[in-house]
Amino acid sequence: MEISLRNQVAIVTGASSGIGSGIAKSLASAGAVVIINHSSERSLVEAQAVLKEITDAGGSGMTYQCDVSSEDEVVKMFRDVISAYQTVDILVNNAGIQKDAEFTKMTLDQWNAVIGVNLTGQFLCAREAIKEFLRRGIDPSRSIACGKIIHISSVHEIIPWAGHANYASSKGAVRMLMQTLAQEYGANKIRVNSICPGAIQTPINKGAWSTPEALDSLLKLIPYNRIGQPEDIGNMAAFLASDLADYISGTSIFIDGGMTTFESFSTGG
Ligand code: NAD
C-alpha cells in the first residue's frame with residue numbers, strides 16, 4: 001500500500017515552522033507539489049529552508065508570503081498559485097497563533113488576533129479552495145475526490161483551557177466549520193477533516209517543553225509519555241489527503257499520545 005499524492009498541488013498555511021513544515025515535507029514526500037505559505041518577510045528564510053529540504057529530497061514547490069487573516073492576500077495567493085500550477089487539490093489550514101491572558105485581562109486585540117488567524121484565516125482559505133475545487137471538478141488522474149481540506153485544530157476543540165479562552169474558542173469553532181463544510185460539500189466529493197494535535201514540540205509551546213521541569217509536568221498529561229513531533233502530524237495529513245482515506249470526511253482525528261483519555265483519571269480520579 002502506497003500513499004500517493006502525485007499530480008496534486010497542496011497549499012499548507014504557516015508552513016515555515018513547526019507542524020506546518022512537517023506537513024509540507026510529508027505531502028511532498030508523497031509526491032505533491034507543495035506551496036509553503038509563510039506570513040511575513042521575517043519568515044521567508046525559514047520557508048526557503050523548508051523548500052530546500054523538499055527539493056533536496058526530490059520534491060517540488062514554492063514559498064508564498066500571505067497573511068491568512070487578510071481576505072485580499074488570501075484571494076491573491078489562490079489566484080497566483082492557480083496561475084502557476086493550474087489548480088489546487090489539497091488545502092491544509094495550519095497557520096495558528098496564541099495570545100494568552102487571564103480572561104478578565106484579555107484585550108480585544110488579543111481576542112481578535114487569535115480569532116483572525118485561527119478561525120477567519122481557515123474560513124478564507126477554505127472558501128477559496130472550495131471555489132477552485134468546484135470550478136475544476138473531479139479529475140481522476142489526480143484523485144477520486146474533487147478536493148481535500150485538512151483543518152489543523154487542537155485537543156482544545158474539546159478540552160477547555162483556562163487562560164487561553166481566545167485559542168480554545170477558535171479551535172472549538174474550527175470543529176463546527178469543518179463539520180459544516182463536510183456536510184455542505186460532501187455531495188460534490190469534497191472531503192473535509194480536522195487533525196487535533198496534543199502536545200507537539202514546536203515554537204508555539206516552547207515554554208511547555210524547554211526546561212526539564214516543564215517537560216516533566218507536560219508528560220504527566222500524556223499517557224504515551226513522549227512529546228509529539230511535527231512528522232506525527234505530517235504522516236496523518238498525507239494519509240488523510242490521499243485516496244486511501246476516501247471514505248473519511250467530517251471527522252476530527254486526535255493525535256495526542258492519549259491526552260484526550262484524561263491521564264489524571266488513571267488512578268481513579
Ligand atoms: P508554530 O508557531 O511553529 O507555527 C505556526 C505557524 O503559523 C508559523 O509558521 C507562523 O508563521 C504561521 N502564522 C502565524 N500567523 C500567520 C498568518 N497570519 N498568516 C500565515 N501564517 C501565519 O506552531 P505550531 O505548533 O506548528 O502550530 C501549527 C498549528 O498547530 C496551529 O494552528 C496550532 O494551533 C496547532 N496546534 C499546535 C499544537 C502544538 O502542541 N504545537 C497543539 C495543537 C494544535
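Throughout, numbering of the chain's residues begins at 1 and tracks the sequence. In each ligand, atom 1 is the first atom listed, and ligand 1 is the first ligand listed.
Here V155 has no heavy atoms under 4.0 Å from ligand 1, in either its backbone or its side chain. Of the heavy atoms in D67, both backbone and side-chain atoms come closer than 4.0 Å to ligand 1. Of the heavy atoms in S21, none comes closer than 4.0 Å to ligand 1. When non-hydrogen atoms are compared, ligand 1 lies under 4.0 Å from neither the backbone nor the side chain of E46. Contacts between I97 and ligand 1 below 4.0 angstrom, taking non-hydrogen atoms only, involve the side chain exclusively.
Atom 36 (N) of ligand 1 has its closest protein heavy atom at Y167 OH, 3.5 Å. Nearest protein heavy-atom contact of atom 43 (C) of ligand 1 is P197 O, 3.3 Å. In terms of protein heavy-atom proximity, atom 23 (O) of ligand 1 is closest to I204 CB, 3.2 Å. Here the protein heavy atom with the shortest distance to atom 12 (C) of ligand 1 is G14 CA, 3.6 Å. Among protein heavy atoms, atom 19 (N) of ligand 1 sits closest to V68 N, 3.0 Å. Protein heavy atom closest to atom 8 (C) of ligand 1, with residue, atom name and distance, is S17 OG, 3.4 Å. Residue, atom and distance of the protein heavy atom nearest to atom 16 (C) of ligand 1 are S39 CB, 3.6 Å. Closest to atom 13 (N) of ligand 1, if we only count protein heavy atoms, is A95 CB, 4.0 Å.
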Salt bridge (charged side-chain N to carboxylate O under 4.0 Å, His left out) between D246 and K148, intermediate numbers included: CA-CA 10 Å; D246 190 58; K148 284 86 54 150; over 6 Å; no

Trace of the salt bridge (charged side-chain N to carboxylate O under 4.0 Å, His left out) decision for E102 with K105: CA-CA 5 Å; E102 188 262 301; K105 300 198 174 72; 3.2 Å; yes

Check against side-chain contact (heavy atoms from CB on, under 4.5 Å), I233 and I23: CA-CA 7 Å; I233 308 302; I23 293 172; 4.0 Å; yes

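Once rounded to the nearest 0.5 Å, the distance linking CH2 of W111 with OG of S170 reads 8.5 Å. In this structure, I255 CD1 and I19 CD1 are separated by 9.0 Å, a value rounded to the nearest 0.5 Å. Atoms NE2 and CD, on H38 and Q48 in that order, are 7.5 Å from each other to the nearest 0.5 Å.
Between V117 and ligand 1, no N or O atom pair is found at a separation short of 3.5 Å. For a threshold of 3.5 Å applied to N or O pairs, the pair formed by H38 and ligand 1 contains no separation below that value. Close N/O approach between G20 and ligand 1 is not found [any backbone or side-chain N/O within under 3.5 Å]. For N205, a nitrogen or oxygen atom sits less than 3.5 Å from a nitrogen or oxygen atom of ligand 1, counting backbone and side chain alike. Note: no N/O pair closer than 3.5 Å links A199 and ligand 1 by distance alone. For a threshold of 3.5 Å applied to N or O pairs, the pair formed by I200 and ligand 1 contains at least one separation below that value. Any N or O atom pair closer than 3.5 Å counts here, and T202 shares at least one such pair with ligand 1. Among the atoms of N94, some N or O lies under 3.5 angstrom from an N or O of ligand 1.
Defined by atom type and a distance below 3.5 Å, a donor-acceptor pair is present between the side-chain atoms of T87 and E132. Between the side chains of E184 and T180, no donor-acceptor pair is found at a separation under 3.5 Å. In this structure, a donor-acceptor pair under 3.5 Å is absent between the side chains of E263 and T261. A donor-acceptor contact closer than 3.5 angstrom links the side chains of Y64 and D80. Counted by atom type alone, S252 and E157 present one or more donor-acceptor pairs between their side chains at under 3.5 Å. For the 3.5 Å distance criterion, the side chains of D67 and S69 qualify, holding a donor opposite an acceptor.
The 12-atom threshold is not exceeded at CZ of R42, counting heavy atoms of other residues, nucleotides or ligands nearer than 6.0 Å. In this structure, Q229 places its CD atom where more than 12 heavy-atom neighbours from other residues, nucleotides or ligands lie under 6.0 Å away. Counting non-hydrogen atoms of neighbouring residues, nucleotides and ligands closer than 6.0 angstrom, the NZ atom of K206 reaches no more than 12 such neighbours. Counting non-hydrogen atoms of other residues, nucleotides and ligands closer than 6.0 Å to OH of Y224 gives a total of 12 or fewer.
Atom 6 (C) of ligand 1 lies below 4.0 Å from at least one non-hydrogen atom of the protein.
Close contacts of ligand 1 with N37, meaning ligand atoms under 4.0 Å from a residue heavy atom, involve 20 (C), 21 (N). Those atoms of ligand 1 with a heavy atom of G18 less than 4.0 angstrom away are 3 (O), 26 (O). Those atoms of ligand 1 that come under 4.0 Å of a heavy atom in G96, given as number and element, are 5 (C), 7 (O), 31 (C), 32 (O).
Assignment of C66 to the shell around ligand 1 is supported, since a heavy atom sits closer than 4.0 Å. Every heavy atom of S40 sits 4.0 Å or more from the atoms of ligand 1. Residue-ligand proximity: S43 is placed with every non-hydrogen atom at 4.0 Å or more from ligand 1.
The aromatic rings of W161 and H156 sit parallel, their planes meeting at an angle under 30°, below the 60° perpendicular limit.
Of the listed options P203, A113, G198, S154, G198 places a heavy atom closest to atom 42 (C) of ligand 1.
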